[in-house]
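Working notes for the structure below.
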2 protein chains.
Amino acid sequence: MQKRDREATRARLLEAARLRFAREGYDATSVRDIARDSGVDATLIFRYFGSKKQLFDLATAADVPAGLLDGPQEELVARMVRTVVEHDWTAYGGEHPLVAMLRSSAHEDARRRIRDEVCATYVDALRDLAEGEDAELRAELLSAWMVGIGILRSVVATPALAGASAADLDPHVAAVATALLGRPMSGAVAPAGER
Amino acid sequence: MQKRDREATRARLLEAARLRFAREGYDATSVRDIARDSGVDATLIFRYFGSKKQLFDLATAADVPAGLLDGPQEELVARMVRTVVEHDWTAYGGEHPLVAMLRSSAHEDARRRIRDEVCATYVDALRDLAEGEDAELRAELLSAWMVGIGILRSVVATPALAGASAADLDPHVAAVATALLGRPMSGAVAPAGER
DNA sequence: TCCGTAAGTCATCGAACGCTGACTTGAGTG
DNA sequence: CACTCAAGTCAGCGTTCGATGACTTACGGA
């Protein structure tokens with residue numbers, strides 16, 4: 001094992017950048033902060049990534065949990081809520097990356113990336129489930145709920161939601177998803193064996 | 001009418017600050033930006049407001065629309081959604097101030113202010129409406145939905161929600177509010193004459 | 001053992017940041 | 001007209017920002 005390991009250093013910088021950008025947003029994060037966290041010199045950021053902006057783009061690139069779209073349709077919303085509430089996002093400061101990226105939403109680039117990912121990952125899948133007239137709108141309203149839950153949980157830290165587990169939310173997930181999609185939805189995710 | 005009008009200049013600075021802080025967040029806004037927008041010198045900001053931080057606190061101070069809590073209880077959620085969708089927030093860059101303030105959520109101060117206002121204005125009122133066991137959690141879940149709607153509408157600009165009117169949302173507001181609160185809720189706000 | 005190459009450091013740049021104190025301007029008063 | 005005092009300007013403080021290029025260090029093949 002080398003002491004000087006380009007790839008390892010690059011990876012450490014990327015990891016530190018992910019954490020900083022998620023926690024504090026683009027503007028409040030300096031390249032010196034990231035370098036200090038990684039224990040290396042700040043100039044390596046420019047050597048390896050070109051610019052702060054390019055590092056940001058790389059560090060906040062989408063990272064959709066595998067298996068979100070697998071499994072029973074009636075549990076899709078419950079699975080999505082679980083990626084917000086239970087998934088291990090410690091690499092992003094403990095928040096869903098989309099929620100974290102909202103801190104940088106002053107930049108149109110970041111907004112567009114958020115929009116693309118929200119639509120591609122959540123709205124598109126939900127639209128197929130919604131039946132009836134304005135499926136798109138209802139899919140977006142459900143996506144809005146999950147984004148809002150993520151924000152109130154971690155950013156705003158509202159008392160009950162901050163401490164709620166996915167199981168606490170299950171019955172309400174079922175009620176809202178059923179009401180919005182117009183078809184019976186489950187609030188819990190059944191273990192693989194029971195499928 | 002004076003050309004040199006302390007109060008008018010102060011008001012212009014405050015207005016420009018409100019717009020900038022809402023649109024771009026605390027860090028991405030410089031006092032020089034605000035001064036340029038107002039057509040005055042940047043140093044007046046320190047003369048009139050003490051510091052950038054104090055100006056921020058003043059500019060983003062809560063501004064709850066009057067009459068939110070008046071009117072029939074079953075229309076409360078519909079009224080809240082209307083403050084997100086229809087209220088004139090042009091002074092805050094066209095977004096609900098809470099949504100705009102999320103751009104500055106890297107600062108604990110701003111987070112605390114958001115939490116206080118969300119709880120005081122929305123969660124508290126909704127908790128009283130919710131019946132049964134976990135009223136607090138359900139009130140927060142409904143608040144989360146409205147916050148999420150505001151974000152997907154203006155920040156993320158998701159296709160259907162960005163162009164939706166309050167009337168478009170009415171049926172879905174009724175469905176979700178009823179499902180979460182466990183009591184019949186109306187999606188529309190009846191004109192005063194019909195009460 | 002030597003030496004080329006690549007990893008990592010150092011000094012520093014110009015611009016922009018928030019903020020301060022000394023200065024100039026102009027409206028109102030006697 | 002002379003004077004006052006507040007409104008507004010200006011130059012610059014010390015700091016930090018993103019970024020650059022010359023330099024030093026150390027690994028690995030010859």
Side-chain angles (χ1 to χ4, degrees), chain A residues 1-61 101 103-110, chain B residues 1-60 101 103-110 113:
Chain A
M1 174 174 175
Q2 300 187 59
K3 281 203 306 193
R4 302 185 149 204
D5 184 335
R6 183 188 173 93
E7 283 315 308
T9 302
R10 221 188 96 104
R12 285 225 310 285
L13 282 168
L14 198 58
E15 191 183 345
R18 213 175 340 249
L19 203 62
R20 281 276 181 177
F21 284 136
R23 267 209 230 276
E24 326 200 353
Y26 182 83
D27 292 306
T29 298
S30 75
V31 294
R32 288 175 173 86
D33 289 336
I34 298 169
R36 198 179 320 115
D37 293 348
S38 311
V40 301
D41 193 90
T43 59
L44 292 181
I45 287 175
F46 303 100
R47 192 182 289 287
Y48 292 156
F49 302 98
S51 69
K52 179 188 182 184
K53 179 67 172 57
Q54 286 174 270
L55 173 57
F56 175 79
D57 289 343
L58 229 67
T60 58
M101 224 187 301
R103 296 225 172 79
S104 307
S105 68
H107 303 270
E108 172 56 29
D109 264 24
Chain B
M1 175 174 176
Q2 301 185 61
K3 281 206 305 193
R4 300 183 153 207
D5 183 336
R6 183 189 173 89
E7 282 314 308
T9 301
R10 220 187 97 104
R12 286 225 309 286
L13 282 169
L14 197 58
E15 191 183 344
R18 211 170 349 242
L19 203 63
R20 281 276 182 179
F21 284 136
R23 267 210 231 277
E24 325 199 352
Y26 182 83
D27 291 307
T29 298
S30 76
V31 295
R32 289 176 173 84
D33 288 336
I34 297 169
R36 200 180 318 114
D37 292 350
S38 311
V40 302
D41 194 272
T43 60
L44 293 180
I45 287 175
F46 304 100
R47 192 180 290 286
Y48 292 157
F49 302 99
S51 69
K52 179 188 182 184
K53 180 67 172 56
Q54 285 175 271
L55 173 57
F56 176 79
D57 289 343
L58 227 66
T60 58
M101 223 186 302
R103 295 225 173 79
S104 306
S105 67
H107 303 269
E108 173 55 30
D109 263 24
R113 300 242 321 270

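Note on naming: letters A, B, ... go to the chains in the order of the sequence lines (proteins, then strands), and numbering restarts at 1 for each one.
- Contacts between residues 35-53 of chain A and DNA chain D, counted as heavy-atom distances below 4.0 Å, involve A:Thr43, A:Phe46, A:Arg47, A:Ser51, A:Lys52.
- Residue A:Met101 comes nearest to A:Thr60 through the heavy atom pair CE-O, 3.5 Å, listed as atom of the first residue, atom of the second, then distance.
- The nearest whole Å value for the distance from the CG atom in B:Leu13 to the P atom in D:dT9 is 10 Å.
- Side-chain contact between A:His107 and A:Asp27 is present, with at least one heavy-atom pair separated by less than 4.5 Å.
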Per-nucleotide pairing state of DNA chain C [Watson-Crick or G-U, under 3.5 Å; [ ] pseudoknot-crossing; | other strand]
||||||||||||||||||||||||||||||

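- In this entry the distance linking CD1 of A:Ile34 with C1' of D:dG18 reads 11 Å, nearest Å.
- A:Leu14 is not listed as a side-chain neighbour of A:Tyr48, based on a closest heavy-atom distance of 4.5 Å or more.
- With rounding to the nearest 0.5 Å, the separation of OG in A:Ser105 from CD in B:Glu24 is 11.0 Å.
- Here CD1 of B:Ile45 is found 11.5 Å from CZ of B:Arg10. Values are rounded to the nearest 0.5 Å.
- Within residues 23-31 of chain B, the residues that have a heavy atom under 4.0 Å from DNA chain C are, in order of number, B:Thr29, B:Ser30, B:Val31.
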Just distance, no hydrogens or angles: give the donor-acceptor pairs under 3.5 Å from side chains in residues 50-59 of chain B, sequence neighbours left out.
unit_1: B:Ser51; atom_1: OG; unit_2: B:Lys53; atom_2: N; d: 3.4
unit_1: B:Ser51; atom_1: OG; unit_2: B:Gln54; atom_2: N; d: 3.2
unit_1: B:Ser51; atom_1: OG; unit_2: B:Gln54; atom_2: OE1; d: 3.4
unit_1: B:Lys52; atom_1: NZ; unit_2: B:Tyr26; atom_2: O; d: 3.1
unit_1: B:Lys52; atom_1: NZ; unit_2: B:Thr29; atom_2: O; d: 2.8
unit_1: B:Lys53; atom_1: NZ; unit_2: B:Asp57; atom_2: OD1; d: 3.1
unit_1: B:Lys53; atom_1: NZ; unit_2: B:Asp57; atom_2: OD2; d: 3.1
unit_1: B:Lys53; atom_1: NZ; unit_2: B:Asp109; atom_2: OD2; d: 3.0
unit_1: B:Asp57; atom_1: OD1; unit_2: B:Arg113; atom_2: NH1; d: 3.1

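- Counting heavy atoms from C-beta on, the side chains of A:Arg103 and A:Phe21 never come closer than 4.5 Å.
- A pairwise comparison of heavy atoms in A:Leu13 and A:Ile34 identifies O-CG2, 3.7 Å as the closest pair.
- Rounded to a whole Å, the CZ atom of A:Arg32 is 16 Å from the P atom of C:dA16.
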Under-3.5 Å N/O pairs linking protein and nucleotides 4-6 of chain D:
none

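- Atom CG of A:Asp5 and atom C1' of D:dT25 are 16 Å apart (whole Å).
- Atom OG of residue B:Ser38 and atom CG of residue B:Leu44 lie 9.5 Å apart, to the nearest 0.5 angstrom.
- In this structure B:Asp37 satisfies the side-chain hydrogen bond (donor to acceptor under 3.5 Å, both in side chains) test together with B:Arg20, sequence neighbours excluded.
- Pairing each heavy atom of B:Ala42 with each of B:Val31, the nearest pair is CB-O, 4.2 Å.
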